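What follows is a set of notes on a single structure, which appears directly below.
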Amino acid sequence: MKPPVGFSSRRRLFPRLLLRRLTSSPPPPSAATAEFAELCRRHELPAAMAAMESLHRRGLRGDPVAYSELIKCCLKNNAAEDGRRVHRHLAGGGGSLLSMFLCNVLLNMYAKLGLAEEARKLFDQMPERNVVSWTTMISTCGEEEALNLLVQMIRDGVRPNMYTYSSVLRSCSDLQTLRGIHCPVVKAGLESDVFVRSSLIDSYAKCGDLPSGRSVFDEMSTQDLVVWNSLIGAFAQAGGTSESVAVFVEMRRAGFRSSEAALTSLLRACAGTAMLEMGRQVHAQAVKSDADLILHNALLDMYCKCGELAEAAAAFWRMCRRDVISWSTMIAGLAQNGRSMAALELFEAMKKAGPPPNHITLVGVLFACSHAGLVEEGQKLFWSMEQLFGIKPEREHHGCMVDLLGRAGKLEEALRFIMKMDCEPDTIIWKSLLGACRVHRDVGMATQVAKQILLLDPDDEGAYILLSNVYAGCNQWGDAEEVRRAMRDRRVKKEPGCSWIEVGKEAHLFVAGDKSHPQAEAIGKELDRLICRIADAGYLPDTIFVLHDLEREQKEEVLRYHSEKLAIVFGLMNSIEGKPIRVMKNLRICGDCHNFAKIVSKAENRRIIIRDPVRFHHFVDGECSCGDYW
DNA sequence: TTAGGGTTAG
């Protein structure tokens, strides 16, 4: 007899199962295995685990599909210990239950849970391996190991398929290797697979070869939304905002919908290059996706990275759901924009009403302390974070502490702190101390610290530059020149300083002293006029920031054409009165440009926002949000 | 049973 409409077998089984669980007499073997299978199928983890134990106690065994569902359920619930228990049960009794199929499922669980060692151990123990086993193993590995496994699998007579190549390609971090793998992919006729294609695009972008990524895309005959998004994401990651927008427009024209992933990538690109107007336009496209958390986190980040804190805060409080990334983004955004106290207040609110902080949240909070000179608060947090939040200080947190002490002029204390650290100091931590030596003009310690960095990395450009800055700042021109010579001898090049500004949704780039911009002549003239105007307001070029031993007049000339000055003048010339001037820099702002921007903000009655790689400077009415503490 | 696109710091 057929059940009545709407009365599915699933609905019928449930009360029977419940009844059985409530009664003490065990079900007959066939019913017990069926019950186990059903619990596994329904992913009821604790009940299925109990059913498995009970079955095995009675010497009974379940169906392979049931075990496979149970292992998948362990993975879904992140229940590694339960997964291991299933593994032990399957391996017990001579291991007869551990078929290649179930080994592969277990392998996948270990791999996805990040338990690489356990995955490897199981893989090594497998008497037989098929393409799924090899591919699963490859997907857990970095480039070198993935390539080794690929060679071994071919030697073992197992032919890689599109899944295998997709994983191998994704592991490539070196362009030559990537090209080497691309060849057999083409030979095997697998390039047209959309998964392989998106892996190729992502990996070419990651290896810095965007044109190759683009040509893989252009050769695509069947179109696929994810592949479009891969290309948008690839340009976004490389900082190519206008290119990623162009691909987005192209994609829409080709009839594809604008997905959340694509909009998120665009926002990331806008954030990376501080393209606020473009970001606002993407925001307008994103309004329909109210519930998408990742997209809204990216939106928040975009406003923070464009220095628009009021809009960031509005976006933050408007979100219908906020996760640890939303809170961390907002806290770091406030801190980087010189609003340390507000960052700390938000952290207090998070502790009361938000999700538990993670290690990145605490980096943001420590950053807030170090950039506001809140030494005691920072130290208190650092020493209590493990106890309060269960987060063991990592290298990044130690780096923040060195920064905190160094910025506050406690150089000896910072050095002692480094010496006592549990982890080995890396060049980033030493450079933080070297930066503090420069600010506080401690030539002796700077020399020692720079030596330490160059021992770790003899080609570290930053160490040479910072040390030569320290010498130049103390008028030790001979020493500064010697550092420069050492740099030349080792062929270490200084990255040229550049700034850019968005005008009419386009980025205009300026390199120090560069006259290639179409308006270069007019900008130069306007800069001269501006410098004359602000000279009356007290601007005097501070030549200490010129690193070469030049005559004063020459130094002034070098300073005059620092890229941020050119960008500010261009912004003044090309934007509506009253609109803030927003400049982005690849290097940290020099003291003279900082002073220049302060005076211009007052003299021209303009808000100027400069973002360097570490933080923001908001110049309003002759003052900077950093309080001259950077 | 194996592979794809999106968010935070340094």
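All values derive from a computational prediction rather than experimental measurement. Numbers restart at 1 for each chain; the letters A, B, ... are given by sequence-line order, proteins then strands.
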Quick one: is A:Lys305 getting a side-chain N or O under 4.0 Å of the B:dT7 phosphate, OP1 or OP2?
no
Please determine whether the number of non-hydrogen atoms from other residues, nucleotides or ligands lying under 6.0 Å from atom CD of A:Gln152 exceeds 12.
yes
Any pair with a residue in residues 321-351 of chain A that passes ring pair (Phe, Tyr, Trp, His ring centres under 6.0 Å), sequence neighbours left out, goes on the list, sorted by first then second residue, please.
A:Phe316-A:Trp327, A:Phe347-A:Phe389
So what does A:Ser259 touch, heavy atoms closer than 4.0 Å: a base, only the sugar-phosphate, or nothing?
base
Is it the case that the base of B:dG6 and the side chain of A:Asn297 share a donor-acceptor contact (distance under 3.5 Å, atom types as modelled)?
no
Can you check the A:Met401 CE to B:dG10 C1' distance for me, whole Å?
16 Å
At under 4.0 Å between heavy atoms, what does A:Val196 touch on the DNA or RNA strands: base, sugar-phosphate, or nothing?
nothing
Just to be sure I understand the rule, does A:Gln336 reach a base, reach only the sugar-phosphate, or reach nothing, if contact means heavy atoms closer than 4.0 Å?
sugar-phosphate
Given A:Lys585, A:Arg588, A:Gln336, the one that forms side-chain hydrogen bond (donor to acceptor under 3.5 Å, both in side chains) with A:Asp612
A:Arg588
List, one per line, each side-chain donor-acceptor pair under 3.5 Å for residues 302-311 of chain A, sequence neighbours excluded.
residue  : atom : partner  : partner atom : Å
A:Tyr303 : OH   : A:His283 : ND1          : 2.8
A:Tyr303 : OH   : A:Glu311 : OE1          : 3.4
A:Lys305 : NZ   : A:Asp301 : OD1          : 3.0
A:Lys305 : NZ   : A:Asp301 : OD2          : 3.0
A:Glu308 : OE2  : A:Arg582 : NH1          : 2.9
A:Glu308 : OE2  : A:Arg582 : NH2          : 3.1
A:Glu311 : OE1  : A:Arg280 : NE           : 3.4
A:Glu311 : OE2  : A:Arg280 : NH2          : 2.4

Does the pair A:Thr136 and A:Tyr110 meet the rule for a side-chain contact (heavy atoms from CB on, under 4.5 Å), with working shown?
CA-CA 10 Å; A:Thr136 308; A:Tyr110 285 132; over 6 Å; no
Applying a 4.0 Å non-hydrogen cut-off, can you work out what A:Ile428 is touching in the nucleic acid: base, sugar-phosphate, or nothing?
sugar-phosphate
Going by the rule side chain to side chain contact (heavy atoms under 4.5 Å, CB included), which residues pair with A:Glu145 if we only count those two or more places apart in sequence or in a different chain?
A:Arg120, A:Cys141, A:Asn148, A:Leu149
Can you measure A:Asn104 atom CG to B:dT1 atom C1' for me and round it to whole angstrom units?
6 Å
Distance-only donor-acceptor test (3.5 Å): side chain A:Asp202, base B:dG4
no
Once you round it to whole Å, what is the distance between P of B:dG10 and CD of A:Glu424?
23 Å
Kindly point out which of B:dG6, B:dT8, B:dT2 is positioned nearest to the side chain of A:Tyr163?
B:dT2
Can you sort out the partners of A:Gln379 under side-chain hydrogen bond (donor to acceptor under 3.5 Å, both in side chains), two or more places apart, ordered by chain and number?
A:Glu413
Going by the side-chain contact (heavy atoms from CB on, under 4.5 Å) test, name the single residue among A:Asn104, A:Leu150, A:Asp156 that passes it with A:Trp134.
A:Asp156
Looking only at B:dT8, B:dG6, B:dT2, the nucleotide nearest the A:Asn161 side chain is B:dT2
Under 4.0 Å, counting only non-hydrogen atoms across every strand here, what does A:Thr329 touch: a base, just sugar-phosphate, or nothing?
sugar-phosphate
Pair listing, ring pair (Phe, Tyr, Trp, His ring centres under 6.0 Å) test, anchored in residues 224-243 of chain A, at least two apart
A:Phe217-A:Trp228, A:Trp228-A:Phe256
DNA chain B-proximal residues of residues 261-273 of chain A, any heavy atom under 4.0 Å:
A:Ala261, A:Thr264, A:Ser265, A:Arg268
Which part of the nucleic acid, if any, lies within contact of A:Phe367, taking any heavy atom under 4.0 Å across all strands shown: a base, the sugar-phosphate backbone alone, or nothing?
sugar-phosphate
Does A:Ser68 reach a base, just sugar-phosphate, or nothing at all? Heavy atoms under 4.0 Å.
nothing
Provide, to the nearest angstrom, the distance between the CG atom belonging to A:Leu190 and the C1' atom belonging to B:dT2.
14 Å
d(CZ, A:Arg395; C1', B:dA9) in whole Å
15 Å
Winner on side-chain proximity to A:Asn108, out of B:dT2, B:dA9, B:dG4, is B:dT2
A:Val363 has its side chain closest, among B:dG4, B:dG10, B:dT2, to B:dG10
Heavy atoms only, 4.0 Å cut-off, all strands: where does A:Leu362 land among base, sugar-phosphate and nothing?
nothing
Looking at B:dT1, B:dT7, B:dT8, which one has an atom nearest to any side-chain atom of A:Ser328?
B:dT8
A:His397 NE2 to B:dT8 P: how many Å, rounded?
17 Å
What is the distance, to the nearest angstrom, from the CD atom on A:Gln237 to the P atom on B:dG4?
15 Å
Distance in angstrom units between A:Met153 CE and B:dA3 C1', rounded:
12 Å
